[in-house]
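Single-structure report; data block below.
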Amino acid sequence: MLLIDCPSCGPRDENEFHYGGQAGIACPTGDMTDERWAEYVFMRDNPKGWFHERWFHVHGCRTWFTVERHTVTHEIRKPR
Amino acid sequence: MTHPDFLWRNPDPKPAYDVVIVGGGGHGLATAYYLAKNHGLTNVAVLERGWLAGGNMARNTTIIRSNYLWDESAAIYEHSLKLWEGLSDELDYDLQFSQRGVLNLAHNLGDVREGRRRVNANRLNGVDAEWLDADEVKKFCPIINVSDRARYPVMGATLQRRGGIAKHDHVAWALARQADAYGVDLIQGCEVTGFEITGGRVTAVETSRGRIAAGKVALAAAGHTSVLAERAGIRLPLQSHPLQALVSELLEPVLDCVVMSNAVHVYVSQAHKGELVMGAGIDAYNSYGQRGGVHVIEAQMAAALELFPIFSRARVLRTWAGIVDVSPDASPIIGPTPVDGLYINAGWGTGGFKATPGSGWVYAHTLAHERPHPLAEPFALDRFTTGALIDEHGAAAVAH
Ligand SMILES: Cc1cc2nc3c(=O)[nH]c(=O)nc-3n(C[C@H](O)[C@H](O)[C@H](O)COP(=O)(O)OP(=O)(O)OC[C@H]3O[C@@H](n4cnc5c(N)ncnc54)[C@H](O)[C@@H]3O)c2cc1C
Ligand SMILES: [Zn+2]
């Protein structure tokens, strides 16, 4: 079980959280094409290594926040 | 004492091949086998960074069925099931393929409606399917708790009698032996680290054992597909997650069918040797770590005990995880990529073991003819742009 550091509540067990996937996916603006829409809705980075990702403290303070986690060691650090 | 004969050679890579397959799991091996058998292509290498079939092929819970909802999926999975039905004879190897029937349980009205709809859709597609009410479920599988006081009461189930299990190691070994006999080079300890792309076309792979020129390159790397595709400049709609399973100690025969429940995230069968084999849902986060959280196993066992109170004293022998490549619509991605000569077969996620022969069959055809096999066509990468998704979350979900 991961220990995840919520910015408001401090370190809590993973099963208090909901996973939100890759961080920094902004809704596109301007002229939309099918390609841009597919990119926004479906395409994601899937690195073996450090990954910026969203977590939601669903069974706590209900804050969404971003962490950086290593997808092999599962080590978590403040996003840089 | 002498060592028994090896089932395949252990060759060094040649400088060039017509087709280089990246990944020596079930799908890579089946693709090599059908390239040789169906299309006469034998100047083929399978490059495996570890040992053959040490990835998800060795880690899955071996459930085989074809009762998917949509026409496109029913067609490809049923093609695969038909191949399974002749595969032990064809490969001259006992795959312990056992059509003992697969139950998919319904625990609420939504499940019941979805299950009945799927039974009707399956029948229209020529896939055997039956709807059982709770009493019939109890008759088919007497150790299930169908009491209406259970936390997740059993309200019925779909049954595919032709579904079942097989022995995954035997499948890999049999395919490898036959591919090798056709002259395919199965090269272990050979990691693909990059691609040589000239004028938009792939011409070689870079590996831990040097450069290997290739007419075509076929990815069959399951959970590691995104990592490889990125090195060819391709971004995919895939996310890699741990998927865990466990086995109990060996028990007397107690369960003679496969039972799956999407709602409570557990599926269980009893292997030929006697251990109970149970699978869980994926761990939520992206990972390549081949391990997951104990709380996922705990939740899965709680669900299993609800359904099978008789398992309460069985002990867990070991748990493990594989890394599965999950796609947005729970369907695979098969076919060409934006790089000429580079093909992809991935996104089978939590449910690709059952597809091993079917996937190899259509992928080999796609490679040999340089155009998608008709059964593979709907599973092209461009469906995420056109919107023609094949949403199998109901039939696939966490399940297999
Ligand atoms: C716990 C668990 C339970 C499952 N249960 C079922 C089930 O009951 N029924 C079902 O149908 N499916 C099930 N699955 C899914 C099924 O196992 C997979 O969909 C299927 O095995 C994937 O295809 P494969 O056999 O080719 O993958 P793999 O065996 O993972 O093969 C991919 C290979 O590629 C190699 N590779 C990766 N990167 C490189 C590189 N750079 N260079 C060279 N080689 C590389 C890997 O080492 C690996 O051997 C389950 C999976 C898991 C993890
Ligand atoms: Zn919090």
Side-chain angles (χ1 to χ4, degrees), chain A residues 1-6 11-28 31-60 62 64-77 79, chain B residues 49 191 193 221-231 234-242 244 281-299 302 321 323-331 333 338 346-347 349 380-389 391:
Chain A
M1 172 122 45
L2 305 179
L3 196 60
I4 299 169
D5 205 359
C6 169
R12 296 296 186 99
D13 282 347
E14 171 195 340
N15 56 2
E16 292 185 12
F17 296 86
H18 176 82
Y19 188 57
Q22 183 175 358
I25 306 279
C27 190
D31 283 346
M32 282 306 284
T33 59
D34 288 349
E35 284 71 25
R36 286 189 71 203
W37 190 245
E39 202 44 48
Y40 168 59
V41 178
F42 297 120
M43 301 297 166
R44 291 293 179 270
D45 294 340
N46 189 18
K48 188 173 184 173
W50 290 104
F51 188 45
H52 280 88
E53 61 189 18
R54 301 288 282 165
W55 287 90
F56 177 42
H57 198 184
V58 58
H59 299 302
R62 303 187 69 80
W64 279 98
F65 56 98
T66 299
V67 305
E68 207 178 354
R69 190 180 53 90
H70 196 282
T71 60
V72 181
T73 64
H74 297 173
E75 184 192 338
I76 294 177
R77 68 185 186 196
Chain B
R49 75 185 173 127
E191 177 168 5
T193 53
H224 277 76
T225 305
S226 300
V227 177
L228 281 156
E230 196 197 350
R231 293 192 183 141
I234 300 167
R235 198 163 180 235
L236 294 172
L238 292 176
Q239 299 283 277
S240 296
H241 290 272
Q244 302 189 69
I282 56 171
D283 280 65
Y285 46 78
N286 290 23
S287 173
Y288 291 88
Q290 286 197 331
R291 65 191 184 285
V294 178
H295 63 289
V296 174
I297 295 285
E298 200 182 344
I323 298 303
V324 296
D325 41 342
V326 175
S327 75
D329 57 358
S331 287
I333 302 169
L381 181 55
D382 70 4
R383 74 176 183 275
F384 298 98
T385 311
T386 63
L389 302 187
D391 185 350

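What you see is a predicted model, and the numbers here were worked out from it, not measured in a lab. Per chain, numbering begins at 1; letters A, B, ... match sequence-line order.
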request  = Determine, stepwise, if the pair B:Tyr285 / A:Trp55 fulfils side-chain contact (heavy atoms from CB on, under 4.5 Å).
outcome  = CA-CA 10 Å; B:Tyr285 46 78; A:Trp55 287 90; 3.9 Å; yes
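Residue-environment remark: CH2 (A:Trp37) stays at or below the threshold of 12 foreign heavy atoms within 6.0 Å. Atom CD of A:Glu68 is surrounded by more than 12 heavy atoms from other residues, nucleotides or ligands within 6.0 Å.
When the candidates B:Ala299, B:Gly292, B:Ser287 are compared by the number of heavy-atom contacts under 4.5 Å with chain A, B:Ser287 comes out ahead. Counting heavy-atom pairs closer than 4.5 Å to chain B, the top-ranked of the candidates A:Thr33, A:Val72, A:Val41, A:Asp13 is A:Val72. For the options A:Arg36, A:His70, A:Glu39, heavy-atom pairs under 4.5 Å to chain B are most numerous at A:Glu39.
The shortest heavy-atom contact between B:Asn286 and A:Arg69 is O-NH2, 2.6 Å. When all heavy atoms of B:Arg291 and A:Thr73 are compared, the closest pair comes out as NH2-O, 3.2 Å.
Residues passing the side-chain contact (heavy atoms from CB on, under 4.5 Å) test with B:Thr225 are B:Leu219, B:Ala221, B:Leu236, B:Leu238, B:Asp325, B:Ile344, B:Ala346, sequence neighbours excluded.
Contact of A:Phe42 with chain B is made through backbone and side chain together, with heavy-atom distances under 4.5 Å. For a residue to count as touching a neighbouring chain, one of its non-hydrogen atoms must lie under 4.5 Å from one of that chain's; by this rule B:Ile234 does not touch chain A.
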Just list the side-chain donor-acceptor pairs under 3.5 Å for residues 17-28 of chain A, sequence neighbours left out, or say none.
unit_1, atom_1, unit_2, atom_2, d
A:Tyr19, OH, A:Glu53, OE1, 2.7
A:Gln22, OE1, A:Asp45, N, 2.8
A:Gln22, NE2, A:Asp45, OD2, 2.9

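The CZ atom of A:Arg44 lies 7.0 Å from the CD atom of B:Gln239; values are rounded to the nearest 0.5 Å. Rounded to the nearest 0.5 Å, atoms CE (A:Met1) and CD (B:Glu298) are 7.5 Å apart.
A side-chain donor-acceptor contact under 3.5 Å links B:Ser240 and A:Asn46.
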